[in-house]
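Here is the structure we will look at, set down as structure tokens.
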Amino acid sequence: MPLTLRTTLCEIRDDLHALRRMVAARGQIETIEGIDALIGVAEAETIEAIRRIDRPA
């Protein structure tokens, strides 16, 4: 499958979720809070970018 902006954005979002699970397993609460903030921004940006990509030209 060719790598696209949409794919890349989704992979970054998924990687942040994986990182959060790993940090949560270690019980690092402050780090989890920082990752949660990054996930929120990444998800919002991903949704907006995908909407722009999917808009008809």
Side-chain angles (χ1 to χ4, degrees):
M1 172 159 92
L3 193 60
T4 64
L5 177 58
R6 182 182 188 147
T7 302
T8 302
L9 290 169
C10 290
E11 287 177 356
I12 291 168
R13 180 202 58 209
D14 294 345
D15 289 345
L16 284 170
H17 280 284
L19 177 62
R20 187 195 190 286
R21 284 189 299 275
M22 183 177 65
V23 171
R26 295 180 182 171
Q28 299 172 334
I29 302 303
E30 289 179 12
T31 304
I32 291 171
E33 291 169 352
I35 293 170
D36 284 346
L38 290 173
I39 288 172
V41 170
E43 287 182 338
E45 292 294 323
T46 299
I47 290 166
E48 185 56 34
I50 289 171
R51 284 183 182 149
R52 284 193 301 266
I53 291 167
D54 288 346
R55 271 190 222 141

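Remark: His17 NE2 to Ile12 CD1 distance equals 12.5 Å, nearest 0.5 Å. The CD1 atom of Ile35 sits 7.5 Å away from the CE atom of Met22 when rounded to the nearest 0.5 Å. To the nearest 0.5 Å, the span separating CD on Glu48 from CD1 on Ile53 amounts to 10.5 Å. Here the CG atom belonging to Leu19 is positioned 12.5 Å from the CG atom belonging to Asp14, to the nearest 0.5 angstrom.
Smallest separation of non-hydrogen atoms from Leu16 and Ala42: CD1-CB, 3.6 Å.
Side-chain contact between Val23 and Arg20 is absent, with no heavy-atom pair separated by less than 4.5 Å.
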